[in-house]
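Okay, so here's the structure we're looking at.
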Amino acid sequence: MNTTNGRIAEQSKKKIANALLVVLQQYDYKEITITQLTQEAKLSRKTFYRLFTYKEDVLSYLFENLYIECFEQIKSQHTQCYWDIVQCYFDFWEERKALLHIFRQSTLLPVLFDGAYKYSFSIFEYVRSKEVVEHLSEQLPYLLAYSIGGMHSMLLKWAENDMTIPSCVLVEHLRNGFQSMNL
């Protein structure tokens, strides 16, 4: 098996994904062309089409890597409770404030939800167990949609307000709100 080609292909994918981030700072996502991406990445269109079919595939690749990175961060902290996961999620995005700003400018923040929801199953299984996932198979999609939907809505609102509140304070507000008898 030729691992060099796989490594080169992965490097090229990363160059194209990084090019997308650069071009997004100047143009709306809908206006961006494959030519702009390949020129910014200093790669040929042929290379692009060997790796991706559409520019949406580049966005998916970029988001997928972010989800994986967030999941790895959760794993590295040996997170075992809901509130620790919520904190890790917001800490992750706080460290990527500039990236969220780019996504917000290009109205791409809502697209993040689908991937976050998909990855929530893996995170839940990691924190709990496969047996618990199987036991809750009927309810889990709804529970996770509710939880991820709320976290994502908070992320949108937080980004809208330029993330002026530190993530630890944001999560503390959320915890207090859920424990409040007034809500």
Check the hydrophobic clustering (I, L, V, M, F, W, Y; side-chain heavy atoms under 4.5 Å; chains of links allowed) and say if [X] and [Y] are grouped together.
| X | Y | result |
| --- | --- | --- |
| F178 | L155 | yes |
| V132 | L140 | yes |
| M151 | Y146 | yes |
| I68 | F63 | yes |

Show the numbers, then the answer: is there a side chain to side chain contact (heavy atoms under 4.5 Å, CB included) between Y61 and L20?
CA-CA 11 Å; Y61 172 81; L20 175 61; over 6 Å; no

Under 3.5 Å donor-acceptor pairs involving side-chain atoms of residues 81-88, not counting sequence neighbours:
| unit_1 | atom_1 | unit_2 | atom_2 | d |
| --- | --- | --- | --- | --- |
| Y82 | OH | S147 | OG | 3.0 |
| Q87 | NE2 | D91 | OD1 | 2.8 |
| Q87 | NE2 | S167 | OG | 3.4 |

From [X] atom [atom1] to [Y] atom [atom2], the distance as rounded to the nearest 0.5 Å:
| X | Y | atom1 | atom2 | value |
| --- | --- | --- | --- | --- |
| S120 | I148 | OG | CD1 | 4.5 Å |
| E125 | E131 | CD | CD | 8.5 Å |
| L62 | L99 | CG | CG | 6.5 Å |
| I16 | K55 | CD1 | NZ | 14.0 Å |
| E172 | N176 | CD | CG | 4.5 Å |
| Q77 | F92 | CD | CZ | 11.5 Å |

Any side-chain heavy atom of [X] within less than 4.5 Å of one from [Y]?
| X | Y | value |
| --- | --- | --- |
| L143 | F124 | no |
| I102 | R96 | no |
| V133 | Y126 | no |
| Q73 | E69 | no |

How far apart are the closest heavy atoms of [X] and [Y], and which atoms are they?
| X | Y | value |
| --- | --- | --- |
| L109 | L100 | CD2-CD2, 3.3 Å |
| A159 | R104 | O-NH1, 3.3 Å |
| E160 | K157 | OE1-NZ, 3.0 Å |
| T38 | S44 | CG2-O, 3.7 Å |
| Y27 | Q36 | CE1-NE2, 3.3 Å |
| I74 | I123 | CD1-CD1, 3.8 Å |

Could you walk me through whether Y89 and Y119 pass the ring-ring contact (aromatic ring centres under 6.0 Å, His included) test, one step at a time?
CA-CA 12 Å; Y89 176 79; Y119 264 89; over 10 Å; no

H101, NE2 atom: more than 12 neighbouring heavy atoms under 6.0 Å
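Not more than 12 within 6.0 Å, no.
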
E138 atom CD: more than 12 heavy-atom contacts under 6.0 Å:
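12 or below, so no.
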
Where the side chain of [X] meets the backbone of [Y], is there a donor-acceptor pair that is under 3.5 Å apart?
| X | Y | result |
| --- | --- | --- |
| Y117 | G149 | no |
| S137 | E134 | yes |
| K13 | F52 | no |

Side chain to side chain contact (heavy atoms under 4.5 Å, CB included) between V111 and Y29, intermediate numbers included
CA-CA 12 Å; V111 181; Y29 176 73; over 6 Å; no

Report the C-alpha distance between L37 and E40 in whole Å, list the side-chain angles of each, state the deciding distance to 0.1 Å, and finish with yes or no for side chain to side chain contact (heavy atoms under 4.5 Å, CB included).
CA-CA 5 Å; L37 294 178; E40 182 64 37; 5.9 Å; no

Can the positive tip of K118 be found less than 6.0 Å from the middle of the six-membered ring of F121, inside 45° of the ring normal?
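No; the conditions do not both hold, so K118 does not lie above the ring face of F121.
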
Kindly confirm or rule out a cation-pi arrangement of R45 over Y49, judged by NZ or CZ under 6.0 Å from the six-membered ring centre and within 45° of its axis?
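So R45 doesn't make the cation-pi contact.
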
Using the rule side-chain contact (heavy atoms from CB on, under 4.5 Å), only one of L43, D57, V58 pairs with F48; which is it?
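Option passing the side-chain contact (heavy atoms from CB on, under 4.5 Å) with F48: V58.
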
Quick test of your reading of the model: are K75 and E72 salt-bridged, counting only N-O distances below 4.0 Å?
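Yes, this pair counts.
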
